[in-house]
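One-based numbering, in listed order, for ligands and for the atoms of each.
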Amino acid sequence: MSRKWYPGFIEELEGYAEGSGLKFEMVYAMTCDFPGGRGKACTDLAANASWTKDDCVYVAHNEDVTPYQIDEICVAKIKPTDEPGYIGLNYGGIWPTEGLNAAGISVTGNALVPNDTRVGIPKSLPVRKILREAGIYQALMASMPEERGHSFNNIVSDSNGEIYSMEGSATTFDALYAEDGWLVHTNHYLSPKMWKFEENMHTRFSSIVRYNRAKRLFKKELGKVDLEAFKRVLSDHVGYPESICRHPDSALDPEDQTMSIFSIVFNLTEKVVWVCKGNPCQGSYRKYEF
Ligand SMILES: [Zn+2]
C-alpha cells in the first residue's frame with residue numbers, strides 16, 4: 001500500500017537501509033512507529049498576513065514527545081532533484097515531522113488518538129508527501145490518503161495564507177479552514193463531525209488546557225504577530241508541567257514523561273525557518289534558510 005501510494009519515499013527508505021546497514025523491514029517498522037513511543041502531543045498556531053507585523057504568513061509548533069527523543073531529531077535540508085526541496089525537523093535524519101518547502105508549503109502536526117486505527121498507510125508518509133507538493137490542492141490531497149491506517153492532525157498551509165487543519169482519523173477527516181485567517185490546534189478533535197472518533201476524551205485534559213490557553217494568548221497578539229509573540233505563547237506555563245511549554249513530570253516514569261523537545265516558527269512568505277532546541281522558555285530560536 002505504502003509503495004503504491006508513495007514509491008519515492010519507499011525508495012528513500014531503501015537507500016537509508018542500505019546506507020545505515022539496517023534491514024529495510026526494520027526501517028519500515030520504524031516508519032510505522034514514527035516518531036517513536038507514544039506519539040506526539042503538540043501545540044500549533046498559524047496566522048496569515050492580515051495578522052502579522054511584517055505581513056508574512058506564519059505557522060508555529062511545539063513538539064512534545066518523550067524527553068530522550070531530543071537526541072533523535074535534527075534539522076535537515078533535503079533537495080531531491082524532482083521536488084522543491086524542504087527544511088524539516090527529521091527524526092533519525094529521514095522521517096520529517098514538521099517542514100517548510102521551497103514552494104511555501106508547510107506541514108506541522110498534532111497527534112490524535114482515533115478509535116478506528118487499522119492496517120494501512122502509516123501516518124508519517126503523508127507528512128513527507130505534503131513536503132514534495134507545490135500547491136495547496138495537491139498538499140491537502142497528500143495529507144489524507146484514502147488507504148491510511150491512522151492520521152495526525154496535519155496543519156497544511158501555503159504562502160497565500162491558506163491555512164487548513166486536517167483533522168483525520170483512519171477512515172474519515174474534516175478540513176478545518178482558518179476562516180478568520182488564524183487558528184490554534186492541540187491534540188483532540190475540534191470538529192463535531194470527528195467527535196465520535198476520539199478514543200478516550202478522559203486522556204485529553206492537557207490538550208484542552210493548552211488549546212484554550214493558546215487561543216486566548218494568541219488572540220491578544222493578533223495584528224502584531226512576530227517571532228517574539230510566538231515565543232511568548234509557546235513558552236507559557238499555565239497547566240504546568242503539561243502546559244504549552246511542556247516539562248517532564250518527575251512523578252511519572254521516564255517513558256511516560258512529555259517535554260517540548262523543540263519549538264519552530266515558519267515564515268512561509270520569506271521561506272525562513274526558526275528552530276529552538278529544547279523548551280522555548282529557556283532557549284532561543286536559530287534561523288535556517290534555503
Ligand atoms: Zn518551559
Which word best sums up how the rings of Y240 and H237 line up, parallel for under 30°, tilted for 30 to 60°, or perpendicular for over 60°? perpendicular
Do N110 and N187 have side-chain atoms, one donor and one acceptor, less than 3.5 Å apart? no
Please work out whether the ring planes of Y211 and H188 are parallel, tilted or perpendicular, with thresholds of 30° and 60°. perpendicular
I'd like to know whether NZ of K193 has more than 12 heavy-atom contacts from other residues, nucleotides or ligands below 6.0 angstrom. yes
Kindly assign one of parallel, tilted or perpendicular to the pair F218 and W182, based on the angle between their ring planes and the thresholds 30° and 60°. perpendicular
Polar protein atoms (N, O or S) that approach the Zn ion (ligand 1) to under 2.8 Å: H237 NE2, C245 SG, H247 NE2, C281 SG
Sole candidate of F230, W51, F266 that passes ring-ring contact (aromatic ring centres under 6.0 Å, His included) when paired with Y58: F230
